[in-house]
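To find a chain, count down the sequence lines: A is the first, B the second, and so on, and within it residues start at 1.
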There are 2 protein chains.
Amino acid sequence: MAPINKRVTLADVARLAGVSKQTVSRVVNGSQAVTGETRIRVEACIEQLGFRPSLLARQLTTGRSFTLGVVANSGIGYLMSGKAYMDMVREADRMGFSLLVKEVPGHSLEEVTASFDYLIERQVEGVIWAGPEVGDSHAWLDDYDPAQLPMPMVVVNAGLRPGLDTVAFDNLHAGRIATRHLASLGRKHIGHISGPMDRWVSRQRVEGWRQELVALGLEGVHLLVESDWEAGSGGPCLRALQELCPQLDAVFVSSDRTAQGVLFEAHRQGLRVPEDLAVMGIDDLPEAQYFIPPLTSMTQDTPHMAVVALRLLVRRICKLRGEPYPAACATPEDPSLLHTLVVRQSTQGGPF
Amino acid sequence: MAPINKRVTLADVARLAGVSKQTVSRVVNGSQAVTGETRIRVEACIEQLGFRPSLLARQLTTGRSFTLGVVANSGIGYLMSGKAYMDMVREADRMGFSLLVKEVPGHSLEEVTASFDYLIERQVEGVIWAGPEVGDSHAWLDDYDPAQLPMPMVVVNAGLRPGLDTVAFDNLHAGRIATRHLASLGRKHIGHISGPMDRWVSRQRVEGWRQELVALGLEGVHLLVESDWEAGSGGPCLRALQELCPQLDAVFVSSDRTAQGVLFEAHRQGLRVPEDLAVMGIDDLPEAQYFIPPLTSMTQDTPHMAVVALRLLVRRICKLRGEPYPAACATPEDPSLLHTLVVRQSTQGGPF
DNA sequence: CTGAAAGCGCTTACAG
DNA sequence: CTGAAAGCGCTTACAG
């Protein structure tokens with residue numbers, strides 16, 4: 001490796017090879033318009049000098065940064081799980097882009113604007129808005145004309161807004177499927193432990209649960225308690241539901257972690273799961289099948305969501321520039337993603 | 001926001017304000033050498049035009065990128081957990097740096113070199129090598145003279161190498177603490193379910209367990225089984241240990257997830273934990289206190305490790321340039337991090 | 001305090 | 001196939 005502070009430039013290579021800078025440039029960029037002989041000589045000099053082109057310089061001249069901005073909240077980086085993040089990095093790499101992550105501390109217009117300034121200064125070619133929709137966190141979007149943004153943007157896991165590209169799970173659908181499953185087991189008093197109610201995701205799931213109860217002619221739309229999505233709230237939430245309805249025989253929990261807390265509390269109370277109480281979650285964590293008893297859940301492939309958003313963004317960028325799509329995002333994908341039910345002993349019963 | 005493809009430049013502002021480009025530059029960079037009057041006029045023009053300086057151009061002239069490279073493996077991005085990653089992004093931001101993540105698919109010298117080329121092309125000012133040490137994944141480091149690298153580098157959670165900055169947990173110490181805890185409860189047959197044995201982290205913990213057994217005069221250094229760190233291997237590993245030693249009365253498990261699988265298997269077998277079998281893990285996941293029974297574990301603050309590594313790297317960069325350290329990394333920190341024991345019912349017993 | 005000149009390391013037309 | 005010129009959007013000395 002070259003010693004510090006001795007960047008080798010195109011000019012150095014050109015001098016050594018006895019050619020002009022743009023000939024070297026052509027070799028580096030694999031242009032056809034170079035004699036085999038010249039190419040070989042230049043390549044030898046590149047090797048000898050350990051030349052590596054400065055992408056900064058290239059980016060300045062071409063006007064492209066090949067960088068994408070990912071904006072995430074400070075709070076919960078659910079999307080930024082190790083796997084989801086590495087999947088995005090890998091996929092972006094395949095399509096020739098780097099990822100730049102920006103954390104936005106809050107949701108005031110000033111903070112949002114500051115984040116955009118940060119990304120614009122760094123010339124990102126597109127933005128993925130990956131912060132969860134909390135309260136009015138996405139309100140600023142309603143006032144923004146997306147066409148006025150200096151670059152394309154894709155919003156992840158938030159409510160749909162006209163004219164805005166959004167990739168999200170159909171959480172209302174998830175709520176309906178979960179509730180239908182519990183009802184299909186003959187349960188009559190199906191409570192719901194929601195996520196934080198200032199979350200779009202949580203409200204959608206609540207709405208799905210409610211709609212399905214109504215559709216099935218079941219009572220119990222008042223059997224709703226709010227969790228913080230952590231395991232610790234499982235116990236208190238279960239007890240709250242039991243107070244609302246002593247005959248409670250099923251709980252649809254909005255996260256596997258909280259469901260684990262519910263199972264813990266049920267065990268403490270000496271309740272049999274699922275005989276006395278059926279429990280199900282959402283997320284299908286890898287550990288869910290080792291809960292006691294193994295947890296019925298719904299898979300939610302957030303890494304896939306992230307990658308779909310990324311591909312959509314690159315499509316938008318290419319379209320804008322009139323360029324062909326990279327192979328990785330050649331075919332359009334459905335921006336509405338579905339959860340899949342995974343039935344285990346916590347609702348279905350049986351040995352394990 | 002400015003419409004697409006209409007980047008406003010310094011020159012535009014200068015023209016509108018009727019001053020030279022470097023005056024605008026001075027205003028943007030907060031140089032003192034500008035009359036209040038001029039400054040105000042220029043600022044108005046900046047506002048009016050929506051000017052945002054191009055960091056690319058600035059970086060090219062100043063020779064600085066204010067970007068740090070983070071290299072991670074494709075396999076397990078343990079360091080890249082949502083929280084660890086966001087903590088790094090935030091801390092880097094505070095010190096004025098952006099983070100660029102590069103995934104290295106394998107560990108051949110070619111792949112490592114390609115990753116460095118990638119980072120050098122993008123002019124990162126320093127590198128955090130964050131891939132876990134697996135097999136000979138870090139062997140290339142032994143042949144590298146760190147002084148020859150074009151930028152400073154900090155290695156995370158790997159074995160120490162002379163002349164190389166490394167920030168890591170003292171996993172040997174963790175193994176000793178865990179084993180001592182189980183022995184202190186009077187357990188005589190303390191098995192260990194290790195992580196994958198090609199991992200440096202795993203081998204260190206095994207060594208700590210072994211050393212402590214010897215120090216305490218306990219038998220059982222053969223009671224060793226290897227897991228894949230997932231919950232699924234808990235059952236098979238426990239059964240394997242039981243075959244090796246029917247009197248097995250304690251297991252030190254190298255991850256909470258696998259420990260959950262062990263608890264699951266113990267429950268299946270009708271074993272009482274901890275009366276028949278004491279179980280403890282490492283990681284202290286937030287859910288560990290809701291395992292049945294609540295799991296004794298050891299905290300391991302990986303986000304903190306990541307941040308310590310980041311600060312050390314920035315120190316190295318500043319030192320190299322003869323610049324003062326940012327406040328965030330002004331005081332040196334210990335690169336050797338310790339786990340903390342958290343005792344719960346899975347070893348100590350009692351109600352929950 | 002302010003400006004004209006040169007340059008950072010590339011690439012893009014345009015000639016030969 | 002190859003090269004001389006101009007420029008990307010800034011900043012760094014150097015003059016006034």
Side-chain angles (χ1 to χ4, degrees), chain A residues 2 5-43 45-46 49-67 117 120-125 150 321, chain B residues 2 5-43 45-46 49-67 117 120-125 150 321:
Chain A
N5 287 336
K6 276 204 174 185
R7 174 163 274 276
V8 179
T9 72
L10 257 194
D12 296 325
V13 178
R15 203 174 306 122
L16 182 64
V19 297
S20 70
K21 291 189 295 179
Q22 56 271 50
T23 297
V24 180
S25 173
R26 287 182 188 112
V27 171
V28 170
N29 293 298
S31 159
Q32 293 309 312
V34 184
T35 313
E37 195 190 350
T38 316
R39 150 166 287 120
I40 291 175
R41 182 152 40 93
V42 171
E43 279 170 350
C45 295
I46 288 176
L49 261 36
F51 168 68
R52 286 183 210 88
S54 160
L55 248 49
L56 281 185
R58 171 140 54 197
Q59 288 167 0
L60 189 60
T61 61
T62 60
R64 301 205 57 173
S65 68
F66 291 106
T67 300
D117 284 352
I120 292 169
E121 284 178 350
R122 282 158 185 78
Q123 247 112 310
V124 302
E125 299 190 27
R321 311 185 64 94
Chain B
N5 288 336
K6 275 206 175 183
R7 176 164 271 277
V8 179
T9 73
L10 259 193
D12 297 325
V13 179
R15 203 173 307 123
L16 181 63
V19 298
S20 70
K21 290 190 294 178
Q22 55 272 49
T23 297
V24 180
S25 172
R26 287 183 187 111
V27 171
V28 170
N29 294 297
S31 159
Q32 292 309 312
V34 183
T35 312
E37 194 191 349
T38 317
R39 149 166 289 118
I40 290 174
R41 182 152 40 92
V42 171
E43 280 169 347
C45 295
I46 288 175
L49 260 35
F51 168 67
R52 284 181 213 89
S54 159
L55 248 48
L56 281 187
R58 170 139 56 196
Q59 288 168 359
L60 188 60
T61 61
T62 61
R64 302 205 58 172
S65 68
F66 292 106
T67 300
D117 284 353
I120 292 170
E121 284 179 349
R122 282 159 184 79
Q123 247 112 310
V124 301
E125 298 190 29
R321 312 185 65 95

> Expressed in angstrom and rounded to an integer, what is the separation of Phe66(A) atom CZ from dC10(C) atom P?
Replying inline: 16 Å
> How close do Ile46(A) and Val28(A) get, heavy atom to heavy atom, and via which atoms?
Replying inline: CD1-CG2, 3.9 Å
> To the nearest Å, how far apart are Ile46(B) CD1 and dC10(D) C1'?
Replying inline: 13 Å
Enumerate all atom pairs, one protein N or O and one N or O from nucleotides 11-13 of chain C, separated by less than 3.5 Å.
from: dT11(C); atom 1: OP1; to: Asn29(A); atom 2: ND2; distance (Å): 3.0
from: dT11(C); atom 1: OP1; to: Arg58(A); atom 2: NH1; distance (Å): 2.8
from: dT11(C); atom 1: OP2; to: Ser25(A); atom 2: OG; distance (Å): 2.4
from: dT11(C); atom 1: O4'; to: Thr61(A); atom 2: OG1; distance (Å): 3.0

> Of the nucleotides dG9(C), dG3(D), dG3(C), which has the atom closest to the Leu60(B) side chain?
Replying inline: dG9(C)
>> For the backbone of Arg58(B) and the side chain of Thr62(B), can you confirm whether one donor and one acceptor N or O come within less than 3.5 Å of each other?
In response: yes
> Is the phosphate of dG3(C), meaning OP1 or OP2, less than 4.0 Å from a side-chain N or O of Ser20(B)?
Replying inline: yes
>> Please report the interatomic distance CZ(Arg122(B)) to CD(Gln59(A)), rounded to the nearest 0.5 Å.
In response: 7.5 Å
>> Using modelled atom types and a 3.5 Å cut-off, is there a donor and acceptor pairing between side-chain atoms of Glu125(B) and backbone atoms of Ser65(B)?
In response: yes
> Whole Å only: how far is the CG atom of Leu55(A) from the P atom of dC10(C)?
Replying inline: 10 Å
>> Could you tell me if the side chain of Phe66(A) sits less than 4.5 Å from the side chain of Leu55(A), heavy atoms only?
In response: no
> Between Ser54(B) and dC10(D), does any side-chain N or O lie under 4.0 Å from OP1 or OP2?
Replying inline: no
> What pattern of brackets, bars and dots sums up DNA chain D from 5' to 3', given Watson-Crick or G-U wobble pairs under 3.5 Å, [ ] for crossing pairs and | for another strand?
Replying inline: |||.||||||||.|||
> Between Arg39(B) (CZ) and dC1(C) (P), how many Å, whole number?
Replying inline: 10 Å
>> In this structure, how many angstroms lie between the P atom of dG9(C) and the CZ atom of Arg52(A), rounded?
In response: 15 Å
>> Using whole Å, what does the distance between atom P of nucleotide dG9(C) and atom CG of Leu49(A) come to?
In response: 14 Å
>> Nearest whole Å is fine: how far is dG9(D) C1' from Gln59(A) CD?
In response: 13 Å
> Got a second to check how far Lys21(A)'s NZ is from Leu10(A)'s CG, nearest 0.5 Å?
Replying inline: 7.5 Å
>> Rounded at 0.5 Å granularity, tell me how far CZ in Arg15(B) sits from OG1 in Thr9(B).
In response: 6.5 Å
>> Between Arg41(A) (side chain only) and Ala17(A) (backbone N and O only), is there a donor and an acceptor less than 3.5 Å apart?
In response: yes
>> Could you tell me how far apart Leu56(A) (CG) and dG9(D) (P) are, to the nearest whole angstrom?
In response: 15 Å
> Roughly how far apart are Glu121(B) CD and Leu56(A) CG, rounded to 0.5 Å?
Replying inline: 11.0 Å
